[in-house]
There are 2 protein chains.
Amino acid sequence: MREPTFLVLTALTGGPLHGYAVIEDIAGMTGGRVRLRAGTLYAALDRLRAEGLIEVDREEIVQSRLRRYYRLTGAGEQSLTAETARLRAQATIAERRLRARRIQLGGATA
Amino acid sequence: MREPTFLVLTALTGGPLHGYAVIEDIAGMTGGRVRLRAGTLYAALDRLRAEGLIEVDREEIVQSRLRRYYRLTGAGEQSLTAETARLRAQATIAERRLRARRIQLGGATA
DNA sequence: TTTTGATATGCCGACCATCGGTATATGCTG
DNA sequence: CAGCATATACCGATGGTCGGCATATCAAAA
């Protein structure tokens with residue numbers, strides 16, 4: 001799973017959001033580092049819906065503008081849980097190796 | 001940074017390895033879950049070398065077969081350190097939200 | 001003996017998620 | 001009135017990965 005996809009699932013874990021709100025939530029979550037392009041976001045939503053990881057919660061018309069809310073499904077929650085565990089495991093391995101490396105090499109590398 | 005790239009850098013953090021050994025190390029590191037294709041590995045090595053994150057350590061001929069060893073550069077170590085912090089931060093956010101969700105929804109979702 | 005599998009590097013086309021831009025439309029603000 | 005935020009949606013380009021193939025040596029299995 002790529003980073004934008006992971007972040008979309010994470011955003012929806014907090015409760016149903018419409019597309020644009022997902023972009024905003026991710027921007028906030030990452031301290032402004034990640035701001036998804038519209039193309040990326042709506043393509044990801046379509047794909048995740050086709051995969052059954054999210055589904056349409058409801059649709060609203062606010063100020064004559066459509067808002068389509070999405071929510072995480074049980075499968076989506078499971079998928080995100082597994083992915084998170086994987087991420088954490090990889091981070092732990094990398095950190096352990098980086099620590100060992102710094103002890104051995106003491107900070108001077110090419 | 002994509003997962004295979006991250007894993008290649010992690011593999012080389014433990015010390016110089018030749019290409020095939022990187023594949024083996026990653027396979028072991030991930031409990032057999034990830035076994036990089038030759039195409040992926042050598043393309044990644046070329047790319048990372050062009051970016052200055054790794055460099056050729058030495059070349060050996062063992063049983064008339066070439067072994068080209070790669071090592072992590074200082075830039076590579078920095079890059080992996082930053083990426084690891086990012087991964088950990090994302091995992092933490094996702095875990096916090098998943099926990100909150102389970103408390104609120106109590107385990108029954110669509 | 002032949003063939004399969006492991007070792008080892010490298011090239012190639014295909015796939016597809018993401019990027020970047022554009023289109024459309026409304027409402028608020030400078 | 002121009003620009004920006006909101007909101008969805010489509011499109012071509014990019015690029016990392018996948019999957020397969022080629023090449024070569026050596027050991028083990030059939």
Side-chain angles (χ1 to χ4, degrees), chain A residues 1-12 16-28 30 32-51 53-70 76 79-80 83 86 90, chain B residues 1-12 16-28 30 32-51 53-70 76 79-80 83 86 90:
Chain A
M1 189 185 294
R2 304 258 261 270
E3 199 195 354
T5 302
F6 177 84
L7 292 171
V8 169
L9 293 182
T10 303
L12 294 179
L17 291 177
H18 63 275
Y20 195 81
V22 170
I23 293 177
E24 295 296 289
D25 187 68
I26 290 175
T30 60
R33 189 180 57 81
V34 178
R35 187 169 187 91
L36 257 43
R37 308 284 153 177
T40 304
L41 190 266
Y42 293 104
L45 290 175
D46 287 348
R47 184 166 37 82
L48 290 171
R49 189 154 52 132
E51 288 169 8
L53 302 189
I54 66 173
E55 62 193 3
V56 174
D57 184 70
R58 66 186 189 280
E59 289 182 354
E60 282 178 4
I61 304 289
V62 177
Q63 289 173 335
S64 66
R65 254 187 253 114
L66 175 66
R67 281 186 183 174
R68 183 144 46 224
Y69 286 77
Y70 295 90
S79 184
L80 182 60
E83 190 69 10
R86 205 176 59 65
Q90 284 185 7
Chain B
M1 189 185 295
R2 306 259 263 266
E3 200 194 354
T5 301
F6 177 84
L7 292 172
V8 169
L9 292 182
T10 303
L12 294 180
L17 291 176
H18 63 276
Y20 194 82
V22 170
I23 293 178
E24 295 296 289
D25 187 69
I26 290 175
T30 60
R33 187 180 60 82
V34 178
R35 188 170 185 90
L36 257 43
R37 307 284 153 177
T40 304
L41 190 266
Y42 292 106
L45 291 175
D46 287 346
R47 184 167 37 83
L48 290 171
R49 191 155 48 134
E51 289 169 6
L53 302 190
I54 66 172
E55 61 193 3
V56 174
D57 184 69
R58 66 186 188 280
E59 290 184 352
E60 280 178 5
I61 305 288
V62 177
Q63 290 174 335
S64 67
R65 256 187 251 115
L66 175 66
R67 280 185 184 174
R68 184 144 42 225
Y69 286 78
Y70 296 89
S79 184
L80 182 60
E83 189 69 11
R86 205 175 59 66
Q90 284 184 6

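Everything quoted here is computed from the prediction, not taken from an experiment. Order of the sequence lines sets the chain letters (A, B, ...), proteins ahead of strands, with each chain counted from 1. All values below were derived from every heavy atom in this structure, side-chain atoms included, with hydrogens, water molecules and symmetry-related copies excluded.
Applying a 4.0 Å cut-off to non-hydrogen atoms, the residues of residues 2-10 of chain A that approach DNA chain C are Arg2(A), Pro4(A), Thr5(A), listed by residue number.
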Produce a footprint string for nucleotides 4-11 of chain D: one letter per nucleotide, 5' end first; B if the base is under 4.0 Å from any protein heavy atom, S if only the sugar-phosphate is, - if neither.
-SBBBBB-
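Atom CD1 of Ile61(B) and atom P of dT7(C) are 18 Å apart (whole Å). Note: CG (Leu45(A)) to P (dT18(C)) measures 11 Å, nearest angstrom. Spacing between atom CZ of Arg33(A) and atom C1' of dT18(C) amounts to 14 Å, rounded to whole angstrom units.
The salt bridge (Lys or Arg N to Asp or Glu O under 4.0 Å) test applied to Arg58(B) returns Glu60(B), not counting sequence neighbours. The side-chain contact (heavy atoms from CB on, under 4.5 Å) test applied to Ala21(B) returns Leu17(B), His18(B), not counting sequence neighbours. Looking at residues two or more places apart in sequence or on another chain, you find a side-chain hydrogen bond (donor to acceptor under 3.5 Å, both in side chains) between Glu3(A) and Arg33(A), Arg86(B), Gln90(B). Gln63(A) pairs by the side-chain hydrogen bond (donor to acceptor under 3.5 Å, both in side chains) definition with nothing, not counting sequence neighbours. Residues that satisfy the side-chain contact (heavy atoms from CB on, under 4.5 Å) test with Ile54(B), not counting sequence neighbours, are Leu9(B), Leu12(B), Leu45(B), Leu48(B), Arg49(B), Tyr70(B), Leu72(B). Partners of Tyr20(B) under the ring pair (Phe, Tyr, Trp, His ring centres under 6.0 Å) rule, at least two apart in sequence or in another chain, do not exist in this structure. With sequence neighbours excluded, the residues that form a side-chain contact (heavy atoms from CB on, under 4.5 Å) with Arg47(B) are Thr5(B), Ala44(B), Glu51(B).
Under 4.0 angstrom from either OP1 or OP2 of dT18(C) there lies no side-chain N or O belonging to Arg37(A). Look at Arg47(A) and you won't find any side-chain N or O under 4.0 angstrom from OP1 or OP2 of dC16(C).
Side chains of Arg35(B) and Ile26(B) form no contact here, defined as non-hydrogen atoms less than 4.5 Å apart.
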